Amino acid sequence: MREKLQAKIKEVVSEIFDVEVEPVISVPEEQFGDYSTNVALQLADQNHKAPHEIADKIAKSLQEKLSDDAESVDIAEPGFINIRLSVSALWERANETETYKPMTYKDQSIVIETNNPNPFKDLHIGHAYNSVVGDTISNLLGLGQAKVHRVSYHGDVGLHVGKSMWAILRFIDGDPDKLKTIPETKRPTFLSQKYLEGSTAYEEDASAKKEIEDLSQQSFVLDDPIFKTVYEICNSWSFEYFDRIFQSIGSRPVEKRYLERDADNAGRGIVESNIGPVFTKSDGAVIFEGEKYGLHTRVFISSRGLTLYEARDLGLMKLKAEDFNPQASYIVTANEQKEYFEVILKAAELIMPEVAKMTRNISTGMVKLSTGKMSSRTGNAINIGWLIEAIKSALSSRKSSHEGQEQTIVGALRYSMLKNRIGSDLVFDVNDAISLEGNSGPYLQYAYARSRSILAKVTSESQELPGDIDKDERRLLRKLGDYQNVLDKAVSELLPHQLCGYLYELAQLFNQFYEHNRVLGDERENIRVNLVRKYSDILKSGLDVLGIPAPDRI
RNA sequence: GCCCGCGUAGCUCAGUGGAUAGAGCGCUGCGCUUCGGACGCAGAAGUCGGGGGUUCGAAUCCCUCCGCGGGUACCA
């Protein structure tokens, strides 16, 4: 409908004024109509004519051209043209919407790095946020008809591994079988405790520091049998834990896990073979002089000969390009890495321009806590497991059944992370995240369950619709037809909050409708059931994109 | 210091060139539950950080100042 309208306006303008324009069409407040355009104001600017006159001419001609689709075409000061759709056009638009799929990324292979927690360490809200955002953006890409490859990247080598292994090796005291004494459910806690022990020792004990540094080296070579055995067991514990947690917050599994170990080799090769043209040596280190390009100068290979994150990221870019032959590659990270990635991409541009060109860092903003105080044990971070328990206990304080509780938790958590624009910081308020009311995931799930409950009770079979429509019905139908525009925008800009905002407004309208209008047993039952059905389908499909389950009963 | 980002109601945020700046939470009052009250209705609450500029039109673009956050050579 929007395209149709756009074409007609273009046609009209071309006929009357003999100019080519790409008319901007927006959805105004309901009182003004269903669509609005400011072409007259744009033309007035160019032609130095009164916008009102121009608008008048366009509106008259447009009214004729649209015939059955427009109920009215009005002008409003200073020169807006407002179009009010006919009832039949509104239904047509809503029907289109139900089967609509944006084609934004059609036939593209796209690889996206959705999360990157390090084994041996614990997961906190920041990891959950990254996963939820990365997963939802992947869903949007998929909706835009891309072939999406979700991947993750993990720091399985380096200092943090040394810290953990130092404490773990002391615990097993030469006997790897001691790990078997740790029950499966305690493994994540065990690992995070050992990491904490190692970190503390590293700070406070000089001899431990030396040992930890040696163990860090060992993580690269793995030539000590006991180290290797223990390392591999604990690594697998971590990955099992990650998979379980990410699945429990509704994120789909990754297709491939990349390890720094692999990126290390690839990255070293790239950097070393480009010393001279791209990289230079300085104080024994291999650096990239980003300052030449207005960026930061960064070290890629340290003076001790070790690759740093910079070199490994170059290697990773190459590996991903080889594995998936993508047209686009996204890396979702917190924005503290934004300027870092600008440097990496600049260096990559000089070495492998085609890879650099398609790679984009989506920076998410940092997760901050609204309350200063947090668990003293985990420092200033909120552990994901703790958060899930908090939502669970908020739920059980309700009298309702526990049916669908898991889904409600996912809904509350994901929605609280997705409803704000990606890029600005997320001030994480636990009370907000566990909220079941207002602009929240559970509000949407509840509004969905209500509609399903009505539909389950429908007995009449007649599908014949009356030609007229009342005010509340029209309002709901108007909103339903908006869905495809919202999808277009959310998909092309990769902004899930656009969809959140729309679904919330839609659910609000439905709840208002529900409050003031009887559906079943009313003389207008047919038309209303039809609306409820469309509403229910659209809400479910939107929640699905957000990775939020929509159970029939909650 | 330099670079990047942000500043909208008490709090958390939408709105990023168009019409009287919107929502949730919180606050005040109401509906007391007939298709599910995890709901609905009404109300109070704003120098859109300050100042200047561009424009028919600015929260939105430009300049400047203030405040906050992040980055800034061997962490990731």
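Reckoned from all heavy atoms, side chains included, excluding hydrogens, waters and symmetry mates. Labels below follow one simple rule: chain letters A, B, ... track the order of the sequence lines, proteins then strands, and each chain is numbered from 1. This is a predicted model, so every value here is computed, not measured.
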Taking the six-membered ring where the residue is Trp, are the ring centres of A:Tyr448 and A:Tyr443 under 6.0 Å apart?
-> no
Options B:G36, B:C75, B:G31, nucleotide nearest the side-chain atoms of A:Glu515 | B:G31
B:A76 OP1/OP2 closer than 4.0 Å to side-chain N/O of A:Arg312 = yes
Using atom C1' of each nucleotide, how far apart are B:A38 and B:G71 to the nearest Å?
-> 43 Å
Would you mind classifying the nucleic acid contact of A:Ala449 as base, sugar-phosphate or nothing, using non-hydrogen atoms under 4.0 angstrom?
-> base
Give a yes/no answer on whether the side chain of A:Arg421 brings an N or O atom under 4.0 Å of OP1 or OP2 in B:G15.
-> yes
Winner on side-chain proximity to A:Gln498, out of B:G70, B:G37, B:G15, is B:G15
Distance flag, aromatic centroids of A:Tyr258 and A:Tyr153, threshold under 6.0 Å = no
Protein-nucleotide distance (A:Leu295, atom CG; B:G71, atom P), rounded to Å | 17 Å
Using only side-chain N and O atoms of A:Ser453, determine if any of them is under 4.0 Å from OP1 or OP2 of B:G36.
-> yes
From the candidates B:G18, B:C75, B:G36, the one with an atom nearest any side-chain atom of A:Phe80 is B:G18
Relative to the 5' end of RNA chain B, which residue comes earlier, A:Ser303 or A:Asn517, by the nucleotide with the nearest heavy atom?
-> A:Asn517
Side chain of A:Ile554 (C-beta onward), nearest among B:A19, B:C35, B:G36 | B:G36
What is the nucleic acid contact for A:Ser36, judged by heavy atoms within less than 4.0 Å: base, sugar-phosphate only, or nothing?
-> base
Distance between the P atoms of B:G17 and B:U60, in whole angstroms?
-> 11 Å
Using only side-chain N and O atoms of A:Tyr446, determine if any of them is under 4.0 Å from OP1 or OP2 of B:A38.
-> yes
With a 4.0 Å cut-off on heavy atoms, is A:Pro28 in touch with a base, just the backbone sugar-phosphate, or nothing at all?
-> base
Can you check whether A:Tyr309 and A:Phe300 have ring centres sitting under 6.0 Å from each other?
-> no
Do A:Glu113 and A:Lys320 have side chains that get closer than 4.5 Å, going by heavy atoms?
-> yes
Is any side-chain nitrogen or oxygen of A:Tyr443 closer than 4.0 Å to OP1 or OP2 of B:G40?
-> yes
Start at the 5' end of RNA chain B and walk down; is the nucleotide closest to A:Lys419 or to A:Arg450 reached first?
-> A:Lys419
Per A:Asp283 side chain, nearest of listed nucleotides B:C41, B:C39, B:C74 | B:C74
Distance below 4.0 Å between A:His497 side-chain N/O and B:G15 OP1 or OP2 = yes
Of the nucleotides B:G40, B:C74, B:G18, which has the atom closest to the A:Asn511 side chain?
-> B:G40
Candidate nucleotides B:A19, B:G31, B:C3, ranked by approach to the side chain of A:Asn82 - the nearest = B:A19
Under a 3.5 Å limit on both distances, the Watson-Crick or wobble mate of B:A9 is none
Give one of base, sugar-phosphate or nothing for A:Ser282, where a contact means two heavy atoms less than 4.0 Å apart.
-> base
Ignoring backbone atoms, test whether A:Lys457 places a side-chain nitrogen or oxygen under 4.0 Å from the OP1 or OP2 oxygen of B:G36.
-> yes
Counting only Watson-Crick or G-U wobble pairs whose two distances fall under 3.5 Å, which nucleotide matches B:G57?
-> none
Does any non-hydrogen side-chain atom of A:Asp34 lie less than 4.5 Å from one of A:Ile83?
-> no
Any N/O donor-acceptor pair, A:Gln337 side-chain to B:G71 base, under 3.5 Å = no
Please determine, for B:C48, whether a Watson-Crick or G-U wobble partner exists with both distances under 3.5 Å, and give it or none.
-> none
Taking the same atom, C1', in B:C66 and in B:U47, what whole-Å distance lies between them?
-> 16 Å
Expressed as a whole number of Å, how far does the P atom of B:C39 sit from that of B:G1?
-> 49 Å
Indicate yes or no for a side-chain donor-acceptor contact from A:Thr136 to the backbone of A:Val132 under 3.5 Å, with no hydrogens or angles considered.
-> yes
Can you tell me how far P in B:G69 sits from the matching atom in B:U64, rounded to whole Å?
-> 23 Å
Hey, does A:Asp432 reach any base, or is it just sugar-phosphate, or nothing, if we go heavy atoms under 4.0 Å?
-> nothing
Indicate, yes or no, whether a donor-acceptor pair under 3.5 Å links the base of B:G69 to the side chain of A:Asp425.
-> no
Ignoring hydrogens and angles, answer whether the base of B:A38 and the side-chain atoms of A:Thr408 contain a donor-acceptor pair closer than 3.5 Å.
-> no
Taking the side chain as every heavy atom from C-beta outward, state whether A:Ile58 and A:Phe17 have any atom pair closer than 4.5 Å.
-> yes
At under 4.0 Å, does any side-chain N or O of A:Tyr504 touch on OP1 or OP2 of B:A14?
-> no
side-chain N/O A:Arg298 vs B:G71 OP1/OP2, d < 4.0 Å = no
Which one is paired to B:A42, where only Watson-Crick or G-U wobble pairs with both distances under 3.5 angstrom count?
-> B:U28
Side-chain atoms of A:Val427 come closest, of B:G40, B:C13, B:G37, to B:C13
For A:His160, which contact category applies under a 4.0 Å heavy-atom criterion: base, sugar-phosphate, or nothing?
-> nothing
Taking the six-membered ring for Trp, are the ring centroids of A:His127 and A:Phe242 within less than 6.0 Å of each other?
-> no
Of the listed B:C35, B:G37, B:G71, the closest approach to the A:Leu520 side chain comes from B:C35
Pairwise P distance for B:G51 and B:A59, with rounding to whole Å = 13 Å
For B:C74, does either OP1 or OP2 sit under 4.0 Å from a side-chain N or O belonging to A:Arg304?
-> no
According to the Watson-Crick and G-U wobble definitions, with both distances under 3.5 Å, which nucleotide is paired to B:G17?
-> none
Heavy-atom distance under 4.5 Å between the side chains of A:Arg261 and A:Val157, does that happen here?
-> yes
A:Gln512 vs B:C39: side-chain N/O to OP1/OP2 distance below 4.0 Å | no
Does the side chain of A:Gln508 get closer than 4.0 angstrom to OP1 or OP2 of B:G24 through an N or O atom?
-> yes
Under a 4.5 Å cut-off applied to non-hydrogen side-chain atoms, are A:Asn118 and A:Asp156 in contact?
-> no
Closest nucleotide among B:C35, B:C74, B:A76 to the A:Tyr340 side chain | B:A76
Quote, to the nearest angstrom, the C1' distance that separates B:C68 from B:A76.
-> 25 Å
Hey, is the side chain of A:Ser424 pairing donor to acceptor with the base of B:C6 inside 3.5 Å?
-> no
